[in-house]
S.K.: 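Take this structure, written in structure tokens, and hold onto it; I'll ask about it next.
All values below come from the heavy atoms of this structure, side chains included, with hydrogens, waters and symmetry mates left out. Numbering of ligands and ligand atoms starts at 1, following listing order.
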Amino acid sequence: MPTKYIFITGGVVSSLGKGLAAASIGRLMESRGFTVTLQKFDPYLNVDPGTMSPYQHGEVYVTEDGTETDLDLGHYERFTSTVTSRDHNYTTGKIYESIITKERRGDYLGATVQVIPHVTDEIKQAILKISKGVDIQIVEIGGTVGDIESLPFLEAIRQFRLDVGRTRAIYIHMTLVPYIGAVGELKTKPTQHSVRELRAIGIQPDILLCRTDRILPKEIKKKIALFCNVSEEAVITAKDVDTIYEVPLFLAREGLDAIILKNLDLPYRDKDIADWTLVVDTIRKPACEVDIALVGKYVEYEDSYKSLNEALAHGGIANKARVNIHWIEAEGMENGDLRQQLASMDGILVPGGFGIRGVAGMIHAIRFAREKKVPFFGICLGLQCAVIEYARNVCGMTDADSTEFNPQSSRKVIYKLKELEGVESMGANMRLGRYPCLLEQSSFAHLAYGVTEISERHRHRYEVNRALADDMVKKGLRISGQSPDGRFVEIIELADQLWFLACQFHPEFKSKPLVPHPLFRSFIAACLQRRSQAKR
Ligand code: GLN
């Protein structure tokens, strides 16, 4: 079957949840037995989001092949079986980088290089690049219709349908239908304007996803259909829901997947979504709950820890528990009363991060976890802080530090990766993506994974200083995971605790609601155990 394409655009305002809608459509198509892949185009000029602050753009999601991508790719992987790569996320910067390289090489044979056709051709080739063997490819265009930046992408997808034919590509446009309390009415005008904008550049949407806080009444749907030139059944309510995992189920109830099949002229196949429904039921009716302190530096903006947030929820699903995450700003922990903030917690997690801000607070929190035997989970910077804490407070290396924070330290327990010495540029200069790791028998890690060889995704510039870590082993630190050549420390543990584990990689990128990550599953199990002990 030749690949069919679903293009998703957004209008009126940003943050309507286009990424989740794309991922949910992917889920629904997979549950009808089609193979899917998802792709995102971002109209900004950065080559990738790797150099952007989490406050600007939320989390940087890392793929298996080590590409730093938009956080929507995380939704794609969590909702479907798609494994994303560098070819699944393009920015304007990346498209232009490729064109300029070709131009310098002389590939254009003297032609004047222009937005149309060169940029649009480049975009169309990027779309086709991941289509092989896939039934349905879902392509999300970032930004909002009407932005100058997104025009080349919209032009490219307009041409694309012309190239492949009407039944092989459809356009889904997501808009906002606000409820104005003062008059007690749902307003369709923003949707009308947004669709008009889209039609002005030659794209007639086939389906409208209307984000709203209530079910759209029939007459509103009728009005939108009439003004926007779409069929009434193709006006879909995308109502706010309690959990993001409910979105596919809600959209299915609205009949979205059936309309997509019809529009794309796809054969009807039964839908099997029982496993997903079970996930949502478990989230809605958990058997117990657990309180986790997340001591990080970007906590006021939850999108900065998107995958982590989800992975903790998955750990909860695996244990039929609701995970209440208490976001604690590490900087405020430096001098604060830890007991007051942490005493009622069943577990403490220190996530990844860059730069010195908040590190002292994280080290304080880790010491608290170790001394009070509260289950602790450290991720990337969290591992580095745990090593510093142990070196300083248990091994007597009072000056122990990471060269990221104190290059003058006499005990550089964490230092820059050898291959990065002398490299000052920031873009894509890290140990990135998947690397294998060997686990030690009967460690917390081994018990969680159930195997001794794993592969996880990385994103760091600094690493554990092996020589000093080996000294620390004599004082009780356990190195339970390392690279097969023994060069990199990947996991450390404290065996005399209920659960105390920190890893250099980011396990959160590989957790899914249907397949919760082993480390999150076992961390939450330990936290529940601690909770029941504390109650007794
Ligand atoms: N800043 C640390 C490093 O670069 C940790 C990075 C992270 O937590 N992702 O190694």
S.K.: When you measure from the side chain of His75 to the backbone N and O of Gly19, does any donor-acceptor pair fall under 3.5 Å?
M.R.: no
S.K.: Any cation-pi pair here, Arg431 with Phe488, using under 6.0 Å and within 45°?
M.R.: yes
S.K.: Residues around ligand 1, heavy atom under 4.0 Å from any ligand atom, sorted by chain and number. Can you pull those?
M.R.: Gly352, Gly353, Phe354, Cys380, Leu381, Gln384, Glu404, Arg459, His460, Arg461, Tyr462, His506
S.K.: Looking only at side chains, do Tyr61 and Glu77 share a donor and an acceptor under 3.5 Å apart?
M.R.: yes
S.K.: Checking Arg392 against Tyr390: charged group under 6.0 Å from the ring centre and within 45 degrees of the axis?
M.R.: no
S.K.: Is the charged tip of Lys412 near the ring of Tyr415: under 6.0 Å from the six-membered ring centre and within 45° of its axis?
M.R.: no
S.K.: Please enumerate all residues that pass side chain to side chain donor-acceptor pair (under 3.5 Å) together with Asn324, with sequence neighbours excluded.
M.R.: Glu289, Asp291
